[in-house]
Peer 1: 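Take a look at this one; I'll ask things after.
Treat the numbers as computed from the prediction; the structure is a model and nothing was measured. Sequential numbering from 1 along the given sequence is applied to the chain's residues.
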Amino acid sequence: MGIVGDSLDRAGQAHATRPIPKSAGAQMRYLVKQHKGATKQVASLLGISQRTVERYVKDQIKTPKQALAVRMETEVRRRWQPLVRKRAREKAAKQTGLVIETRARFGFTAAPGTTDDGRMRRITQHLPPEFAGRLLAAQDAGAAEAELQQIAAEGLQEVYFKDGGGRADGLLVEFTDIDYVEFNL
């Protein structure tokens with residue numbers, strides 16, 4: 001997806017109340033159950049044969065190669081406890097907001113030659129529910145990474161640089177990395 005989208009997904013996955021299945025067989029059975037028994041769909045999803053999926057389900061294969069183990073865990077985490085993730089996202093969007101830690105190039109629109117040239121900064125900032133809600137709604141609507149970054153940049157501009165609306169017009173943000181996003185619960 002992208003820097004912001006992936007960070008939001010990881011933040012939602014962090015609120016699971018139970019750990020994901022540990023063994024490869026249990027993970028594969030979970031994925032097959034999520035796809036209503038369609039081993040062919042799971043095989044396509046993971047890039048393996050349908051027969052291999054069936055062998056994992058029956059515990060005939062116990063240890064996957066590292067690349068497959070990572071893909072399986074990623075897909076299980078993506079689908080694990082959807083109602084818990086949904087509640088955490090709704091609470092962040094309506095009540096608590098979220099915390100974002102980012103490393104980005106921040107600068108301001110100004111006359112050429114001024115000291116407002118962009119520079120790298122690491123910022124950890126709470127974004128209020130209004131920006132968290134916009135960000136999560138845009139992600140749910142399938143917004144592009146550029147749009148998600150724009151919303152996050154507007155939130156950082158308002159909260160961090162403008163102190164709630166007091167200063168710093170024309171903030172330019174170029175995200176390099178987002179270390180984490182955390183839903184406040």
Peer 1: M72 and A24: which non-hydrogen atoms are nearest, and at how many Å?
Peer 2: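 That closest heavy-atom pairing would be CE-O, 3.3 Å.
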Peer 1: Mind checking the CD1-CZ spacing from I151 to R134? Nearest 0.5 Å is all I need.
Peer 2: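 Those atoms lie 5.0 Å apart.
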Peer 1: Show the numbers, then the answer: is there a side chain to side chain contact (heavy atoms under 4.5 Å, CB included) between T96 and H126?
Peer 2: CA-CA 9 Å; T96 60; H126 173 261; 5.7 Å; no
Peer 1: Does Y30 belong to the same Ile/Leu/Val/Met/Phe/Trp/Tyr cluster as V84, with side-chain heavy atoms less than 4.5 Å apart forming each link?
Peer 2: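 Not linked; separate clusters.
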Peer 1: Once rounded to the nearest 0.5 Å, what's the spacing between atom CZ of R29 and atom CD of Q34?
Peer 2: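 Here the interatomic distance stands at 14.0 Å.
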Peer 1: Would you name the heavy atoms of T124 and E101 that are closest together and state the gap between them?
Peer 2: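 Scanning both residues completely, I find the closest heavy atoms to be OG1-CG, 3.3 Å.
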Peer 1: Where is the tightest heavy-atom contact between A93 and G133, given as atom of each residue plus distance?
Peer 2: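 Of all heavy-atom pairs spanning A93 and G133, the closest is CB-CA, 3.6 Å.
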Peer 1: Would you say the side-chain atoms of T74 pair up with the backbone N or O of V70, donor to acceptor, closer than 3.5 Å?
Peer 2: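 Yes.
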Peer 1: Please report the closest heavy-atom contact between K22 and Q27, naming both atoms and the distance.
Peer 2: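 Looking at all heavy atoms of both residues, the closest pair is O-NE2, 3.8 Å.
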Peer 1: Tell me, do I48 and R71 make a side-chain contact under 4.5 Å, heavy atoms counted?
Peer 2: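 They are in contact (side-chain heavy atoms under 4.5 Å apart), so the answer is yes.
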Peer 1: Minimum heavy-atom separation for A152 to L135, with atom names?
Peer 2: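 Smallest heavy-atom distance, with atoms named: N-CD1, 4.1 Å.
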Peer 1: How long is the span from the CG atom in L98 to the CZ atom in R89, to the nearest 0.5 Å?
Peer 2: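 Atom-to-atom, L98:CG and R89:CZ are 10.0 Å apart.
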Peer 1: Hey, what do you get for CD (Q139) to CD (E145), rounding to the nearest 0.5 Å?
Peer 2: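 Q139 CD to E145 CD: 9.5 Å, rounded to 0.5 Å.
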Peer 1: Working to the nearest 0.5 Å, report the span between CZ of R85 and CZ of R77.
Peer 2: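 Output value for this atom pair is 11.0 Å.
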Peer 1: Looking at every non-hydrogen atom in both residues, tell me the closest pair between L136 and A92 and how far apart they are.
Peer 2: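 Minimum heavy-atom separation between L136 and A92: CD1-CB, 4.3 Å.
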Peer 1: Less than 3.5 Å apart, any donor N or O on the side chain of R55 or T52 sitting next to an acceptor on the other?
Peer 2: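 Looking only at side-chain atoms, T52 and R55 do not form any donor-acceptor pair under 3.5 Å.
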Peer 1: For the CD1 atom of I3 and the CD atom of Q149, what is their distance to the nearest 0.5 Å?
Peer 2: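 Here the interatomic distance stands at 5.0 Å.
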Peer 1: Taking salt bridge (charged side-chain N to carboxylate O under 4.0 Å, His left out) as the definition, give me every residue that meets it alongside R79, ordered by chain and number, with sequence neighbours left out.
Peer 2: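 Once residues adjacent in sequence are excluded, the partners of R79 under the salt bridge (charged side-chain N to carboxylate O under 4.0 Å, His left out) criterion are E75.
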Peer 1: Could you list who else is in L45's hydrophobic cluster, with ILVMFWY side chains joined at under 4.5 Å, directly or through other members?
Peer 2: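 Members other than L45 - counting any ILVMFWY side chain reachable under 4.5 Å - there are none.
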Peer 1: Count the heavy atoms belonging to other residues, nucleotides or ligands that lie under 6.0 Å from CD of Q60, then report whether that count exceeds 12.
Peer 2: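 For Q60, atom CD is crowded (more than 12 foreign heavy atoms under 6.0 Å).
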Peer 1: Please examine the side chains of Y56 and L46, heavy atoms only from C-beta on, and report whether any two atoms are closer than 4.5 Å.
Peer 2: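 Sidechains of Y56 and L46: no contact.
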Peer 1: Hydrophobic clusters here meaning ILVMFWY residues chained together by side-chain heavy-atom distances under 4.5 Å, can you tell me if V42 and W80 are in one?
Peer 2: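 Same hydrophobic cluster.
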Peer 1: Would you mind checking if E54 and R51 are paired as a salt bridge, meaning a charged N to carboxylate O distance below 4.0 Å?
Peer 2: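 Yes, charged N to carboxylate O under 4.0 Å.
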Peer 1: Run the numbers on R10 and S7 for side chain to side chain donor-acceptor pair (under 3.5 Å), then give the verdict.
Peer 2: CA-CA 5 Å; R10 282 192 307 272; S7 297; 3.2 Å; yes
